[in-house]
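Data first, discussion second: the structure below is written as structure tokens.
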Amino acid sequence: MPELPEVENVARMLRPEVVGRRVVEAQVLWPRSVARPTPEAFCRDLVGREITSLGRRGKVLTLGLSDGWWLLVHLRMSGRLLLGRPEEPAPVHLRAVLRLDDGRDLRFVDPRKFGRLWLVQDPAEVLGSLGPEPLDPTFTVEAFRARLAGRRVRIKPLLLDQRFLAGVGNIYADEALFLAGIHPCRPAGSLTEGEVERLHGALQEVLAAAIANGGTTLSAYRRPDGSPGEHQALLRVFRRAGEPCPRCGTPVVRAVVGGRGTYFCPRCQAGQGR
DNA sequence: CCGAGTTCCTGAGCGC
DNA sequence: TGCGCTCAGGAACTCG
Ligand SMILES: [Zn+2]
């Protein structure tokens, strides 16, 4: 499941390959993969544009195009962006293809069909509601505290809310809460100053480490060159139900919180009330 | 404001 | 070995 670190790795690996390339042809094989505009308009307005930048906002890949257009890509569960040669057989689950002026194809492959593409002139249409970037220097402990203040929702579902914080998904939410020693069901506004500081640090540490390790590969995720990430070996609690907590040895517990599989140490992350 | 349920999808994982 | 069932999971949405 590509979260911020995986998307960041995709952006870094693809950037030198596609920036400066021009789209000479576009094809959509699964219409619903295109969120906006219609698939026809998407292809029509994409052709002829040059890719001038490739960045990331939250979990969204942002491809800046000439004439002020933006191609935004959300990989969701199983999406991948791959470069290939037209003469190669089309990969399974291919949902859209951009033929580039260097003769290569930029392919959007997505078995689960949850991923989405947008072609817009104002990226704020899609990105405007996103919360702060957790690794941005402006995302300080103070800023985090201010956003948490008064919130009565449980902390984990709040961390997953992209309007609250952009880019954190199920894996890194659990990992950060474990590192900070905070129960996933704690009311967000009830965190002490020390807990807010620990969680802030844990989020940044976990995300930065995962980026450095090429992201987490649990099953389908691969970097654009096909290599798996390395961070899964370093996960402390995620998908480790029954295994000993790396800090205290108590078996890791799985629960469902906000409809998400949630892993935590009942001893290191004790006390869900108040 | 808050939480739970539903939908979209299909491969993985499980039971038999 | 293989069939068929269940389910995870990001985000948007509805409902109580
Ligand atoms: Zn523990």
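Chain letters run A, B, ... following the sequence lines, proteins first, then strands; residues in each count from 1. All values below were derived from every heavy atom in this structure, side-chain atoms included, with hydrogens, water molecules and symmetry-related copies excluded. Every value quoted in this text rests on a predicted model; they were computed, and no experiment measured them.
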When the side chains of residues 252-261 of chain A are checked against the rest of the protein, which donor-acceptor pairs come out under 3.5 Å, sequence neighbours left out?
residue: A/R254; atom: NE; partner: A/Y263; partner atom: OH; Å: 3.2

Checklist entry - Under 4.5 Å between any side-chain heavy atoms of A/F178 and A/C245, yes or no? => result yes
Check your understanding: When you measure from the side chain of A/R22 to the backbone N and O of A/D102, does any donor-acceptor pair fall under 3.5 Å?
Key -> no
Between CZ of A/F108 and C1' of B/dC9 the distance, given in whole Å, is 13 Å
Students should find that the nucleotides of DNA chain C closing off the region near chain A, any atom under 4.0 angstrom from a heavy atom, are C/dA8 to C/dA11
Can you pull every protein N or O that's under 3.5 Å from an N or O on nucleotides 1-5 of chain B?
residue: B/dC2; atom: OP1; partner: A/R152; partner atom: N; Å: 2.4
residue: B/dC2; atom: OP1; partner: A/V153; partner atom: N; Å: 3.3
residue: B/dA4; atom: OP2; partner: A/R154; partner atom: NH2; Å: 3.2

>> Within a 6.0 Å radius of atom CZ on A/R152, are there more than 12 heavy atoms belonging to other residues, nucleotides or ligands?
In response: no
note: A/M77, atom CE; B/dC8, atom C1'; distance rounded to Å ~ 11 Å
ask   = Looking at A/H93, does any N or O in its side chain come under 4.0 Å of the phosphate oxygens OP1/OP2 on B/dG11?
value = yes
Students should find that the end-to-end axis angle of the helix from B/dC2-C/dG16 to B/dC16-C/dG2, with five pairs defining each axis and rounding to 10 degrees, is 60°
A/R112 atom CZ is separated from B/dC9 atom P, nearest whole Å, by 13 Å
Nearest heavy-atom contact between A/L148 and A/A188 is CD2-CB, 3.9 Å
Practice task
Count the heavy atoms belonging to other residues, nucleotides or ligands that lie under 6.0 Å from CD of A/E88, then report whether that count exceeds 12.
Solution key: yes
Base, sugar-phosphate, or nothing for A/R254, non-hydrogen atoms under 4.0 angstrom?
sugar-phosphate
- Query: Will you find, in the side chains of A/K156 and A/T262, an N or O donor that is under 3.5 Å from an N or O acceptor?
  - Reply: yes
* A/D105 side chain to A/R107 backbone, donor-acceptor under 3.5 Å -> no
| Aromatic ring proximity A/H200/A/F139, centre distance under 6.0 Å | yes
**Message:** Main chain of A/P134, side chain of A/Q204: is a donor-acceptor contact present, judged purely on distance under 3.5 Å?
**Reply:** yes
Contacts of A/V256 and A/L160 projected onto DNA chain C by closest heavy atom; the upstream (5') one is A/V256
Donor-acceptor contacts, no H, no angles, side chain residues 64-72 of chain A, under 3.5 Å, sequence neighbours left out:
residue: A/S66; atom: OG; partner: A/E50; partner atom: N; Å: 2.8
residue: A/D67; atom: OD2; partner: A/R49; partner atom: NH1; Å: 2.5

Next item on the list: Verify the neighbour count for atom CZ of A/R163: are there more than 12 heavy atoms of other residues, nucleotides or ligands below 6.0 Å?
Entry: no
#### Entry: Whether A/D110 side chain and A/R80 backbone form a donor-acceptor pair below 3.5 Å
no
Note: contacts of residues 118-130 of chain A with DNA chain C (heavy atom, under 4.0 Å) are none
